[in-house]
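Note that the coordinates shown come from a computational prediction; the quantities given were computed from them, not determined experimentally.
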Amino acid sequence: MTTILVTGGTGTLGRLVAERLRADGHEVRVLSRHAQPYAVDLREGGPGLDAAVAGVDTIVHCATSPRGGDEQAATRLIGAAREAGVGHLVYISIVGVDRVPFGYYRSKLAVERLVEESGLGWTVLRATQFHDLVVQVFEVAAKLPVMFLPAGVSDQPVEVAEVAERLAELAAGAPAGRVEDMAGPEVRTFESLARAYLGARGRRRAVVNVPLWGAAYRGFRAGGHLAPDSAAGKGTFEEYLARRTVR
């Protein structure tokens, strides 16, 4: 039995990773800012972080914040992991972090480099956006009478439970470096995804595609965040919406 620490273990992805690892018989520790006994702000580190990594074989690093601080958090985590003799660090990143000049993506890419240069055994998995995030975007956009969408942009959403399963598999194995990306089964225009969302929710909205500007928009429009050759995910957006509607 392996002892595995999951950072961000109460979040959308981390919670499912922890559940899967426990089901597979591993001893799992969950680290997040508010979950005892390992309530730690990774940006600050300290004795709580040292206690969380002590005796751990593998760390699955899911903790992240679009508001910033990921690089500082990773630096603290890696330092503590080295001191504790952790053998394997698994990091979840995003498809396109090296192709789309978006602020959050730059931070994820910087963390990838910290992981690679950590001196630890490491594995990095990049995944496309989760269905959950796409729906969050649409829920905000649908608050107006008209849904404004970025023109010419597609997405390839993936089921978060499938990514969790892959991460658990990687955590149970040996360090593998950068593994093949994991993407959803379909590349879809934002408009088609939005109309599927509106239909599932029984809502009517005009949908307007708006051309935007900037390097990040050009990167998304060019499909830098897509991985059509790595469509390992099986769950479709409509299947996700159906489950969500039933709940």
Side-chain angles (χ1 to χ4, degrees), residues 4-14 17 31-33 40-46 48-50 52-53 56 58-84 86-130 132-133 136-137 153 155-158 160 163-164 166-167 170-171 175-183 214-227 230:
I4 300 177
L5 174 69
V6 180
T7 73
T10 59
T12 300
L13 174 62
V17 172
L31 182 151
S32 75
R33 282 179 293 176
V40 176
D41 186 333
L42 280 175
R43 295 168 298 182
E44 299 176 2
L49 176 56
D50 295 336
V53 300
V56 164
T58 298
I59 297 172
V60 184
H61 186 30
C62 298
T64 186
S65 173
R67 293 183 293 276
D70 278 11
E71 294 165 63
Q72 182 180 358
T75 299
R76 299 280 193 193
L77 179 65
I78 288 167
R82 279 200 298 251
E83 287 292 322
V86 174
H88 189 188
L89 175 59
V90 182
Y91 180 57
I92 178 66
S93 189
I94 305 172
V95 169
V97 293
D98 54 346
R99 297 192 297 262
V100 180
F102 181 55
Y104 180 53
Y105 281 25
R106 287 191 178 113
S107 179
K108 298 289 284 187
L109 181 60
V111 173
E112 283 189 16
R113 290 172 177 158
L114 289 171
V115 170
E116 293 167 9
E117 297 167 2
S118 66
L120 303 169
W122 61 274
T123 301
V124 170
L125 171 67
R126 292 180 181 175
T128 51
Q129 303 296 336
F130 302 149
D132 309 63
L133 179 60
Q136 288 174 22
V137 171
V153 175
D155 207 354
Q156 194 177 356
V158 66
V160 64
V163 178
R166 177 65 172 140
L167 278 177
L170 293 169
R178 169 86 186 280
V179 298
E180 183 178 355
D181 295 345
M182 184 170 185
Y217 171 62
R218 290 194 295 272
F220 284 122
R221 183 162 182 157
H225 61 305
L226 307 176
S230 299

Checklist line | Atom pair CZ (Arg67) and OG (Ser107), whose distance is rounded to the nearest 0.5 Å | finding: 13.0 Å

Note to self: Using side-chain contact (heavy atoms from CB on, under 4.5 Å), reason through Arg33 and Arg43 one step at a time and then give a plain yes or no.
What the structure shows: CA-CA 10 Å; Arg33 282 179 293 176; Arg43 295 168 298 182; 3.6 Å; yes

Note to self: Is there a side-chain contact between Ile94 and Gln129 in this structure, where contact means two heavy atoms from C-beta onward sitting under 4.5 Å apart?
What the structure shows: yes

Notebook entry, point to check: How long is the gap from CG on Leu120 to NE2 on His88, to the nearest 0.5 Å?
Noted result: 10.0 Å

Check: Would Val115 and Glu112 satisfy side-chain contact (heavy atoms from CB on, under 4.5 Å), going step by step from the backbone distance to the final call?
Finding: CA-CA 5 Å; Val115 170; Glu112 283 189 16; 5.7 Å; no

Note to self: I'd like to know if the side chain of Arg178 and the backbone of Arg126 have a donor-acceptor N/O pair within less than 3.5 Å.
What the structure shows: no

Next item on the list: Take Leu49 and Leu77 through the test side-chain contact (heavy atoms from CB on, under 4.5 Å) and record every step on the way to the result.
Entry: CA-CA 8 Å; Leu49 176 56; Leu77 179 65; 4.0 Å; yes

Checklist line | Leu167 side chain reached by Leu13 side chain, heavy atoms, under 4.5 Å | finding: yes

Notebook entry, point to check: Taking all atoms of both residues into account, what is the closest heavy-atom pair of Pro175 and Trp122, and its distance?
Noted result: CB-N, 3.5 Å

Margin query: Nearest 0.5 Å, please: how far is SG in Cys62 from CG in Leu31?
Written below: 11.0 Å

Next item on the list: Taking all non-hydrogen atoms of both residues into account, name the closest pair between Tyr105 and Gly96 and its distance.
Entry: CD2-O, 3.7 Å

Notebook entry, point to check: So, do Phe102 and His225 sit near enough that their side-chain heavy atoms are less than 4.5 Å apart?
Noted result: no

Check: Counting only N and O atoms by type, is there a donor-acceptor contact under 3.5 Å from the side chain of Arg82 to the main-chain atoms of Ser118?
Finding: yes

Item checked: Lys108 side chain vs Val95 backbone, donor-acceptor pair below 3.5 Å -> no

Next item on the list: Identify the two heavy atoms, one from Ser230 and one from Asp181, that lie closest to each other, and give their separation to 0.1 Å.
Entry: CB-O, 3.3 Å

Next item on the list: Find the distance between OG1 (Thr75) and CG (Asp70) and round it off to the nearest 0.5 Å.
Entry: 10.5 Å

Note to self: Can you tell me how far apart CD1 (Ile92) and CG (Leu125) are? Round to the nearest 0.5 Å.
What the structure shows: 4.0 Å

Checklist line | Nearest heavy atoms of Ala74 and Val111, plus distance in Å | finding: CB-CG1, 3.7 Å

Next item on the list: List the steps, then state whether side chain to side chain donor-acceptor pair (under 3.5 Å) holds for Gln156 with Thr128.
Entry: CA-CA 6 Å; Gln156 194 177 356; Thr128 51; 5.6 Å; no

Check: How long is the span from the CG atom in Asp155 to the CG atom in Leu226, to the nearest 0.5 Å?
Finding: 6.5 Å

Checklist line | Derivation of the side-chain contact (heavy atoms from CB on, under 4.5 Å) call for Tyr91 and Thr123 | finding: CA-CA 6 Å; Tyr91 180 57; Thr123 301; over 6 Å; no

Note to self: Quick check: do Leu89 and His61 have side-chain heavy atoms less than 4.5 Å from each other?
What the structure shows: yes

Margin query: Would you say that more than 12 heavy atoms from the other residues, nucleotides or ligands in this model lie under 6.0 Å from the CD of Gln72, or not?
Written below: yes

Notebook entry, point to check: How about Pro101 and Arg106: do any of their side-chain heavy atoms sit closer than 4.5 Å?
Noted result: yes

Margin query: Give me the atom names and distance for the closest heavy-atom approach of Ala81 to Ile59.
Written below: CB-CD1, 3.8 Å

Notebook entry, point to check: Where do Ser93 and Val124 come nearest, in terms of heavy atoms and distance?
Noted result: CB-CG1, 4.2 Å

